[in-house]
Number of protein chains: 2
Amino acid sequence: MPNRILLVEDDAALGQQVVQTLSQAGFDPHWVQDGDSARDIDPDGYRLIILDLMLPGTYGMDLLKRYRLKSEVPVLILSARDDTSDKVRGLKLGADDYVTKPFFPEELVARIQACLRRPNLIETQRLTVGSIQIDLERREARTAGGALSLTPVEFEILALLARRKGSAVSRDAIVDAVLDPAHDGSRRTLDVHVSRLRSKLGDAAAQLETVWGIGYRLADRP
Amino acid sequence: MPNRILLVEDDAALGQQVVQTLSQAGFDPHWVQDGDSARDIDPDGYRLIILDLMLPGTYGMDLLKRYRLKSEVPVLILSARDDTSDKVRGLKLGADDYVTKPFFPEELVARIQACLRRPNLIETQRLTVGSIQIDLERREARTAGGALSLTPVEFEILALLARRKGSAVSRDAIVDAVLDPAHDGSRRTLDVHVSRLRSKLGDAAAQLETVWGIGYRLADRP
DNA sequence: GGTCCGCGTTAAGAATCCCTTAAGGTTCGC
DNA sequence: GCGAACCTTAAGGGATTCTTAACGCGGACC
């Protein structure tokens with residue numbers, strides 16, 4: 001699902017217009033026209049969801065709550081011109097941005113791209129990498145096996161790799177960011193932390209890959 | 001403090017205008033012009049706070065975080081016209097509404113009244129975290145074992161952790177919010193309060209977890 | 001005014017945690 | 001097969017936190 005976007009919008013004219021705009025911008029829009037149809041869709045099947053709050057059937061806000069229970073997928077709200085309180089509630093429930101009707105197609109595309117460019121950047125304190133979940137706010141990491149009991153350094157290493165999930169991070173960068181800069185002695189210290197981190201990760205340890213001659217990488221697939 | 005409102009706004013002309021508007025609407029505005037002055041104000045001394053995000057000194061977003069640590073007071077954000085991302089961040093951090101500059105005085109007053117009418121204060125007078133219940137109004141905490149006899153500082157620590165239930169809260173943040181800022185002496189004071197709090201919590205003490213190298217966390221499950 | 005009591009703070013030793021180092025083994029690239 | 005890079009284990013010691021006891025300030029009560 002490279003660029004699949006779910007559009008939940010009951011207004012036929014507006015929906016058609018948005019679908020066309022998204023297609024031209026290189027996205028792959030899927031359009032459903034009422035809340036009840038949207039209820040049972042798996043949000044993780046999409047890169048982003050555009051949600052109109054004024055819907056027949058299930059109310060938009062309930063859909064947002066429902067999606068947020070299962071997934072971290074970015075959600076962009078469409079709202080009527082003056083409905084500030086809905087915007088406020090939506091954003092507090094975890095929406096990533098809002099667009100006020102009426103809008104120019106270019107604005108919508110720009111907002112979508114902004115959301116995708118910084119997925120979860122807006123103070124979303126949770127990172128998910130494969131089967132590893134990290135909650136920066138709670139300062140807690142968990143895998144399928146349950147919560148992990150990590151030391152501060154282990155947690156920081158994992159969080160750092162998770163923030164750059166999929167890419168190799170150099171040993172120096174990790175040491176700089178995580179370890180006490182005063183002790184720039186032994187180069188083996190990081191190994192030890194990584195080793196213990198792996199043993200605590202259990203099955204998910206396979207995701208913490210060594211990149212030979214460079215450093216480490218947290219694979220985003222198990 | 002029947003209608004006391006705190007206005008944090010650096011622009012002199014705008015501030016004056018808002019003060020006048022609020023006075024005419026029957027409020028009692030207090031105006032500070034920079035973030036540093038606003039830092040040490042007790043937010044619970046006001047019924048509502050109006051916060052401009054673009055400030056000299058302490059940044060508005062930091063003020064918002066700071067207020068939210070201590071208090072549930074409604075906060076209304078003033079933001080520049082196009083600064084959507086600031087709005088989004090502010091609302092996620094717990095602001096109650098936003099007003100875009102420039103605005104009509106009537107709009108501001110209407111928004112303030114809507115905030116005050118909203119029952120979110122009443123809702124949050126009681127906090128429940130696992131088997132711990134806290135009534136901010138009665139200033140009373142209880143567990144399965146019955147009501148606790150807490151000192152003011154102990155109660156504040158518990159309430160602060162409860163407001164951010166599940167999240168790790170740093171020692172500094174707790175000390176800042178709860179203890180006398182004049183005495184920034186021994187770093188062990190907080191330990192003692194926590195220790196005594198735990199002994200009073202009885203079985204529920206297990207919920208008050210130490211987050212090593214960070215601070216404490218009140219687990220939302222027993 | 002004097003005394004008592006509640007409460008925040010300080011101090012100090014104990015307990016716990018965890019970062020680092022060292023040493024020997026393993027894997028990788030060539 | 002060789003050297004370099006990396007992994008694992010164990011142990012020491014420093015840092016952080018916990019607990020207990022005592023101090024002192026301030027308000028309440030007599």
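Throughout, a chain's letter reflects where its sequence line sits, starting with A, and its residues are numbered from 1.
Residue B:Arg188 contributes atom CZ, which lies 16 Å from atom P of C:dA14 at whole-angstrom precision. Straight-line distance from the CG atom of A:Leu148 to the P atom of C:dC18: 14 Å, rounded to whole Å. Rounded to whole angstrom, the span from the CG atom of A:Asp191 across to the C1' atom of D:dA10 amounts to 16 Å. Taking atom CZ of residue B:Arg198 and atom C1' of nucleotide D:dT20, one finds them 15 Å apart after rounding to whole Å. In this structure, the CD1 atom of A:Ile157 is 14 Å from the P atom of D:dC6, given to the nearest Å. Taking atom CG on A:Leu197 and atom P on D:dT9, their separation rounds to 14 Å, with Å as the unit. One interatomic measurement links the two molecules: CD of A:Glu154 to P of D:dT8, which rounds to 13 Å at whole-angstrom precision. Here C:dC18 presents its C1' atom at 13 Å from CG of A:Leu150, a figure rounded to the nearest Å.
Nearest nucleotide to the side chain of B:Val192, out of D:dC18, D:dC7, C:dA11: C:dA11. Residue A:His193 has its side chain nearest to C:dT20 when only C:dT20, C:dG8, C:dT10 are considered.
By the 4.0 Å N-to-carboxylate-O rule, B:Arg142 lies close enough to B:Glu140 to be salt-bridged with it. Note on A:Arg139 versus A:Glu156: salt bridge recorded, some NZ/NE/NH1/NH2 to OD/OE distance being below 4.0 Å. Between B:Asp28 and B:Arg47 there is no salt bridge, since no side-chain nitrogen of the basic residue lies less than 4.0 Å from a carboxylate oxygen of the acidic one.
Side chain of B:Arg68 to backbone of B:Val73: a donor-acceptor contact under 3.5 angstrom is found. Put simply, the side chain of B:Lys200 never gets that close to the backbone of B:Leu148: no donor and acceptor are under 3.5 Å apart.
With axes fitted over five pairs at each extremity, the angle between the ends of the helix from C:dG1-D:dC30 to C:dC30-D:dG1 is 40° (10° resolution).
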Pairwise N/O distances under 3.5 Å, protein to nucleotides 22-29 of chain D:
none

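When the side chain to side chain contact (heavy atoms under 4.5 Å, CB included) test is applied to B:Ala177, the partners found at least two apart in sequence or on another chain are B:Lys70, B:Leu160. Under the side chain to side chain donor-acceptor pair (under 3.5 Å) criterion, A:Thr210 pairs with A:Arg198, not counting sequence neighbours. Residues passing the side chain to side chain donor-acceptor pair (under 3.5 Å) test with A:His193, sequence neighbours excluded: none.
Taken residue by residue, residues 208-216 of chain A places heavy atoms nearer than 4.0 Å to DNA chain D at A:Thr210, A:Trp212, A:Gly213, A:Tyr216.
No more than 12 heavy atoms of other residues, nucleotides or ligands sit less than 6.0 Å from atom CD of B:Gln16.
Partner of A:Leu190 under the side chain to side chain contact (heavy atoms under 4.5 Å, CB included) criterion, chosen from A:Val178, A:Val175, A:Val153: A:Val175.
Here the shortest heavy-atom pairing between A:Ala159 and A:Leu127 reads O-CD1, 4.1 Å. B:Arg39 approaches B:Arg66 most closely through the heavy-atom pair O-NE, 3.0 Å.
For B:Arg171, no side-chain nitrogen or oxygen approaches OP1 or OP2 of D:dT16 to under 4.0 Å. Between C:dG6 and B:Thr151, no contact under 4.0 Å exists linking OP1 or OP2 to a side-chain N or O.
Base contact: B:Ser195 has a heavy atom under 4.0 Å from a base atom.
Remark on DNA chain C: of its neighbouring residues B:Pro152 and A:Ser149, the 5'-side contact belongs to B:Pro152, judged by nearest-heavy-atom nucleotide.
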